Amino acid sequence: MVRTIVKDVLFLRQKAEPATKADIGICMDLLDTLKANEAHCVGMAANMIGEKKAIIVVNMTFTNVIMNNPKIISKSKPFETEEGCLSLTGTRKTTRFTDIEVEYYDINWNKQRQKYTGWIAQIIQHECDHLDGIII
Ligand SMILES: [Zn+2]
């Protein structure tokens with residue numbers, strides 16, 4: 001189901017709780033909502049559809065990937081950049097890392113550990129910030 005994008009900053013500043021297997025409905029709604037907004041959105045956190053659960057979806061070009069309880073376990077090569085967000089107007093300056101390694105549970109709850117670089121790594125960092133209640 002395509003959900004409305006939350007723009008309430010007070011809600012978005014709240015931390016997400018750990019996701020469980022029972023949150024599969026939220027995963028499906030995130031996939032649907034990202035698809036509906038794909039012209040101007042490359043990733044989404046559950047907070048943005050009003051669910052305080054640690055789930056993000058990332059557009060990896062060829063497919064949209066769900067990450068339950070993602071944790072960035074290493075990061076290197078910081079750089080300054082400017083980002084926009086579907087929940088905010090305009091763009092803001094932020095520091096990101098070129099290379100990251102992430103641990104997460106995929107949509108079937110298999111534990112994954114992956115390295116990402118560049119653009120995809122940047123999206124993951126932005127969405128993980130949302131889960132911590134951090135908005136750029
Ligand atoms: Zn955002």
Side-chain angles (χ1 to χ4, degrees):
M1 187 173 70
V2 176
R3 307 269 294 261
T4 310
I5 302 297
V6 173
K7 297 189 174 176
D8 177 357
V9 172
L10 287 179
F11 181 85
L12 293 170
R13 287 212 175 113
Q14 296 176 45
K15 272 189 160 202
E17 291 153 20
T20 69
K21 281 184 187 177
D23 295 318
I24 183 75
I26 300 175
C27 298
M28 293 305 168
D29 287 357
L30 269 178
L31 287 167
D32 291 345
T33 310
L34 180 62
K35 200 148 193 62
N37 288 281
E38 68 186 354
H40 46 270
C41 182
V42 288
M44 207 170 268
N47 320 46
M48 295 172 67
I49 59 165
E51 303 281 359
K52 279 193 293 177
K53 290 294 179 128
I55 309 168
I56 65 172
V57 60
V58 180
N59 180 333
M60 304 245 181
T61 317
F62 50 95
T63 182
N64 293 328
V65 174
I66 285 282
M67 296 183 175
N68 291 292
N69 300 329
K71 272 195 182 60
I72 296 170
I73 51 176
S74 70
K75 46 191 184 184
S76 59
K77 295 192 228 153
F79 65 99
E80 297 294 315
T81 185
E82 215 166 298
E83 292 177 354
C85 176
L86 209 54
S87 288
L88 306 169
T89 15
T91 58
R92 301 180 191 194
K93 287 195 170 127
T94 184
T95 302
R96 297 298 182 201
F97 296 83
T98 308
D99 297 318
I100 61 169
E101 190 166 6
V102 187
E103 250 178 30
Y104 67 96
Y105 291 85
D106 65 20
I107 197 156
N108 300 312
W109 279 86
N110 294 310
K111 195 170 190 180
Q112 304 286 344
R113 188 182 174 137
Q114 296 279 342
K115 286 181 179 169
Y116 296 97
T117 192
W119 178 235
I120 304 282
Q122 191 177 346
I123 301 169
I124 294 170
Q125 290 167 81
H126 178 108
E127 304 312 334
C128 284
D129 272 358
H130 272 295
L131 299 182
D132 285 332
I134 299 166
I135 31 189
I136 37 164

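In this chain, residues are counted from 1 in sequence order. Worth saying up front: this structure is predicted, and the values here are computed from it rather than measured.
Cluster membership check: Met67 shares its hydrophobic cluster with Phe62, using side-chain heavy-atom separations under 4.5 Å among Ile, Leu, Val, Met, Phe, Trp and Tyr. If you chain together hydrophobic residues whose side chains sit under 4.5 Å apart, Leu31 and Val58 never meet in one group. Linking Ile, Leu, Val, Met, Phe, Trp and Tyr residues whenever their side-chain heavy atoms come within less than 4.5 Å places Met60 and Phe97 in a single cluster. Connection of Ile56 to Ile120 is established within a shared hydrophobic cluster, with ILVMFWY side chains joined at heavy-atom distances below 4.5 Å, either directly or through further cluster members. The cluster map of Ile, Leu, Val, Met, Phe, Trp and Tyr, joined by side-chain heavy atoms under 4.5 Å apart, puts Ile107 and Leu34 in the same cluster.
Side-chain atoms of Asp129 and Ile135, non-hydrogen and from C-beta on, never get closer than 4.5 Å to each other. With contacts defined as side-chain heavy-atom distances shorter than 4.5 Å, the pair Tyr104/Val65 qualifies. Contact of the Tyr116 side chain with the Gln125 side chain is not registered, since no non-hydrogen atoms from C-beta on lie closer than 4.5 Å. Contact annotation: the side chain of Lys15 approaches that of Asp132 to within less than 4.5 Å [non-hydrogen atoms, C-beta and beyond]. By the 4.5 Å heavy-atom criterion applied to side chains, Gln114 and Val102 are not counted as neighbours. For the pair Lys115 and Asp99, the minimum side-chain heavy-atom distance is 4.5 Å or more. Using a 4.5 Å heavy-atom threshold, the side chains of Ile55 and Val57 count as separate. Put simply, the side chain of Val42 reaches to within 4.5 Å of the side chain of Trp119, judged on heavy atoms.
No donor-acceptor pair under 3.5 Å is formed between the side chain of Asn110 and the backbone N or O of Asp106. A distance-only check finds no donor-acceptor pair linking the side chain of Ser87 to the backbone of Met48 [under 3.5 Å].
Scanning both residues, Ile123 and Gly43, for their nearest heavy atoms gives CG2-CA, 4.0 Å. For the pair Val6 and Ile49, the tightest heavy-atom approach, listed with the atom from each and the gap, is CG2-C, 3.9 Å. Between Ala54 and Ala16, the shortest heavy-atom contact is N-CB, 3.7 Å. Taking every heavy atom of both residues into account, Leu131 and Ala45 meet most closely at CD2-CB, 4.1 Å. When all heavy atoms are compared, the tightest approach of Gln14 to Asn47 is O-ND2, 3.5 Å. Heavy atoms only, all atoms of each residue included: Phe11 and Glu51 are closest at CZ-N, 4.2 Å.
For the atom pair NZ of Lys71 and CD1 of Ile100, the computed distance is 14.0 Å after rounding to the nearest 0.5 Å. Atom CG of Asp29 and atom CE of Met44 lie 11.0 Å apart (nearest 0.5 Å). Between atom CG of residue Asn69 and atom SG of residue Cys128 there is a gap of 10.5 Å, rounded to the nearest 0.5 Å. Between the NZ atom of Lys35 and the CD atom of Glu38 there is a distance of 4.5 Å, given to the nearest 0.5 Å. Annotation: the span from Glu127 atom CD to Leu30 atom CG amounts to 9.0 Å, rounded to 0.5 Å. The distance from atom SG of Cys85 to atom NZ of Lys7, rounded to the nearest 0.5 Å, is 9.5 Å.
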Checklist entry - Lys53 and Glu17: side-chain contact (heavy atoms from CB on, under 4.5 Å), yes or no, with the steps? => result CA-CA 5 Å; Lys53 290 294 179 128; Glu17 291 153 20; 4.2 Å; yes
Item to check | Stepwise side-chain contact (heavy atoms from CB on, under 4.5 Å) check, His126 with Ile136 | outcome: CA-CA 8 Å; His126 178 108; Ile136 37 164; 3.9 Å; yes
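Tyr105 OH: 12 or fewer foreign heavy atoms inside a 6.0 Å radius.
For the salt bridge (Lys or Arg N to Asp or Glu O under 4.0 Å) test with Glu83, the passing option among Arg96, Arg92, Lys93 is Arg96; the others fail.
Judged as a side chain to side chain donor-acceptor pair (under 3.5 Å), and not counting sequence neighbours, Thr4 has no contacts.
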